[in-house]
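Written out below as structure tokens is the structure these notes cover.
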Amino acid sequence: MMKFRKVIVRILVPIVFLVSACQVNPESKSEEADDVVGNRQTYYQNPILAGWYPDPAITDDGKGNFYMVHSTFAFYPGIPIFHSTDLVNWKQIGHVLERPEQLDLEGFGVSRAIFAPDISYDNGIFYVTCTVVDGQGNFVVTATDPAGEWSNPVYLPKVIGIDPGLFFDEDKTYLVYNSDAPDNKPLYQGHRTIRMVEFDKENLKVISEDRILVNGGVDISTKPIWAEGPRIYKLNGYYYLMTAEGGTAVNHSEMIYRTKDINDDFIPYKDNPILTQRSLDPGRKHPITSAGHADLIQHPNGNWYGVFLACRDYDQDHYNTGRETFMAPVKWVNDWPVFDLEGEEIRYKYDLPEGVLVDTTLFPLNGNFSFTDSFEDSLGYHWYFLRTVKDPWYSVGEKLGFLTLETRPETISGESNPSFIAHRQQHQKFSAEVSLAFKPTDQNEKAGIVAFQNETHYYFLALAQEKGKMFVQVLKGGDDGEELVASKELETDSDGLIRLKISSDVTSYAFHFATDNDNWELLKEGLDSRYLSTREAGGFVGVSLAMYTSSYGKESEARAHFGEFTYSGNDAMFK
């Protein structure tokens, strides 16, 4: 009961996630001879954060600590923050927006709200700047400890656009961001600008008129679209401006500019882009596409690296893992930073930085792995909700070894906060299974596990009741509501445990159930993976694999008890 009360307090004040009881098992790999020396892995694995961790931004504190943040859109808590001392071994240490008063997501579509945060550090203070799209716009929050807690947002009404980021010069601070075309008169669809204002870092406000740094892109005669994600660096006697261009899909690319004087024009690099995959054969093996939205950082050994988003697609630009975070070395060419991909294609493996070892004791974030969460403590940081949790409706400890969710009227097809707790789909080929104890008394009450892309694109493997009989069902979310795809009556007592499993062989999903621990029964297979891909469903997120229960608009006293969640991923490109 104490653990349950503790969770309630954290929901109402901040929600704090502790590492839950998990067992982690790396999948066996057939390594090439040069990948391993003795028992030591000699490479790091891309993506460094698998699953939809898009729009990476990174900073360091000058003391050997690196911190990285990512977009979360309408999911909660907002903006995960990761820590590393070597750019290879990452551990999530919290979220930036973890209190309801910081972030109210009620009414936002799945792919709206929190876009493209940036993190920076200056003189003992960490800053995160970000945008609430369709909300109050751009804001800044601060903390002295990046693990939290972070301040409430201070909104910046004079900053019109998205993707704000801070740059600290010797005696001035600047905010750079994506904005409208000059005079708000675009010459073509996607015509944007990169602008800069002077910023008061003590009082967190804009103190100058804006200045256009980039109009359209490197060469406006080519009609470049969506100049965004700007970063400014001061190195080698230059100010560098790096931006993305081409939109965040297959034409995504990264451009670099520089100037000696920040008040002068930024001149583009003659060999831009410095990172892209847009010209490569889409039929290549295990393609990595859509690379861009990058940030640069120097390793403690003096070498440079860049983090960026990219996608692992199948079947010509379909992907269900979303925009993931990759990292590649950066070389300097005549004082220009250029991504050193070791060829045209981004690699799944790059050599470890000198002196760095892979820490296999950390919670897995890349490569092939499996883990089991037995819910013996509070939720781990990798779990998340759909929109802001304002009132407690879940608990760890009400039923020993189970995560308990109240069956509530809210649904995943709506724009509120349903009883939904998710983990990212991190592999093309995966399985996710969970135990469920659930006794519905009304046909509106359902509980199970859902592969969720957005309000109208999902597959729900559910336990339900009809006319006093128990059924296991597969439902497909669509524009016109849910379609019953498969159903089977259960012969066992509904008070007993059932196990549910969703899996994918890359191109299709399958749905199994078991009324004992040993015998899985296939309910439905062959449901098209493309239906849950970004290309088909739209938006900017990947698939969420969630424990979910709803009474579909009616009040309910039912509870769904979920136990022993196991996730396993086994992708070919990681073998």
Side-chain angles (χ1 to χ4, degrees), residues 3-4 6-8 10-12 14-22 51-52 72-78 80 92 94-95 97-98 100 103 105 110 363 371-399 401-414 416-426 432-438 446-455 458-463 499-502 541-551 556 558-567:
K3 289 183 180 179
F4 178 52
K6 184 176 181 180
V7 171
I8 290 177
R10 294 307 186 189
I11 292 173
L12 294 176
I15 293 182
V16 173
F17 291 69
L18 303 176
V19 174
S20 52
C22 293
W52 65 273
T72 43
F73 305 98
F75 291 94
Y76 184 82
Q92 189 172 351
H95 293 85
L97 305 173
E98 60 178 2
L103 182 63
L105 294 167
V110 166
F363 188 82
F371 72 86
T372 296
D373 195 328
S374 54
F375 302 117
E376 295 176 2
D377 208 328
S378 301
L379 288 175
Y381 287 128
H382 59 98
W383 296 107
Y384 56 93
F385 307 95
L386 179 55
R387 305 186 188 89
T388 306
V389 178
K390 297 179 181 178
D391 297 305
W393 48 258
Y394 77 96
S395 67
V396 177
E398 178 179 321
K399 184 177 175 67
F402 286 81
L403 173 65
T404 298
L405 278 62
E406 296 178 10
T407 301
R408 300 158 55 237
E410 291 80 5
T411 72
I412 54 177
S413 297
S416 191
N417 167 237
S419 296
F420 167 106
I421 299 179
H423 175 82
R424 289 164 175 82
Q425 180 181 329
Q426 295 175 285
E433 60 184 82
V434 69
S435 297
L436 173 62
F438 180 59
K446 300 179 190 292
I449 182 171
V450 59
F452 176 83
Q453 172 63 246
N454 61 29
E455 298 92 338
Y458 59 84
Y459 296 130
F460 182 22
L461 177 60
L463 191 62
R499 284 201 61 84
L500 303 173
K501 178 168 69 173
I502 297 178
V541 302
V543 170
S544 297
L545 302 167
M547 296 165 285
Y548 167 57
T549 181
S550 177
S551 54
S556 172
R559 278 171 158 72
H561 306 283
F562 293 91
E564 200 168 270
F565 181 100
T566 297
Y567 175 88

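In this text, all values refer to a predicted model and were calculated from it rather than measured experimentally.
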For the aromatic rings, using the six-membered ring if either is Trp, is the centroid distance between Trp52 and Phe75 under 6.0 Å? yes
So CG of Asn417 and OH of Tyr76: to nearest 0.5 Å the spacing works out to 9.5 Å
Could you walk me through whether His423 and Phe371 satisfy the ring-ring contact (aromatic ring centres under 6.0 Å, His included) test, starting with their C-alpha distance in whole Å, then the side-chain angles of each, then the deciding distance to 0.1 Å, before giving a yes or no? CA-CA 12 Å; His423 175 82; Phe371 72 86; 5.0 Å; yes
Verify, without hydrogens or angle tests, whether Thr566 (side chain) and Thr372 (backbone) share a donor-acceptor contact under 3.5 angstrom. no
Test Thr549 against Thr407 for side-chain hydrogen bond (donor to acceptor under 3.5 Å, both in side chains), laying out the working first. CA-CA 5 Å; Thr549 181; Thr407 301; 2.8 Å; yes
Shortest non-hydrogen contact from Lys446 to Phe460? CB-CE2, 4.1 Å
Salt bridge flag under 4.0 Å for residues Glu406 and Arg408: no
Hey, what do you get for CG (Leu461) to CD1 (Ile449), rounding to the nearest 0.5 Å? 7.5 Å
Nearest heavy-atom neighbours spanning Ser395 and Glu398: OG-CB, 3.3 Å
Quick one: do Phe562 and Phe375 satisfy ring-ring contact (aromatic ring centres under 6.0 Å, His included)? Show the steps, please. CA-CA 9 Å; Phe562 293 91; Phe375 302 117; 8.3 Å; no
Can you measure from CZ (Phe452) to OG (Ser413) and round to the nearest 0.5 angstrom? 7.5 Å
Can you name the nearest heavy-atom pair linking Thr72 to Pro80, along with the distance? CG2-CD, 3.2 Å
Do Tyr394 and Phe385 have ring centroids that are under 6.0 Å from one another? yes
Asp377 versus Val396: any side-chain heavy-atom pair under 4.5 Å? no
Residues Gln453 and Tyr458: closest non-hydrogen pair is N-CB, 4.4 Å
Here the gap from Tyr384 atom OH to Phe420 atom CZ, rounded to the nearest 0.5 Å, amounts to 6.0 Å
Rounded to the nearest 0.5 Å, what separation is found between the CD atom of Gln425 and the CD1 atom of Ile502? 9.5 Å
Would the distance check show the side chain of Ser556 and the main-chain N or O of Ala558 forming a donor-acceptor pair, the cut-off being under 3.5 Å? yes
Which residues share a salt bridge (Lys or Arg N to Asp or Glu O under 4.0 Å) with Arg387, sequence neighbours left out: Glu455
If you round to the nearest 0.5 Å, how far is CG of Leu405 from CD1 of Ile421? 4.5 Å
Heavy atoms of Ser550 and Glu410 approach each other most closely as OG-O, 2.9 Å
Looking only at heavy atoms, what is the nearest atom pair of Tyr548 and Ile412, with distance? OH-N, 3.2 Å
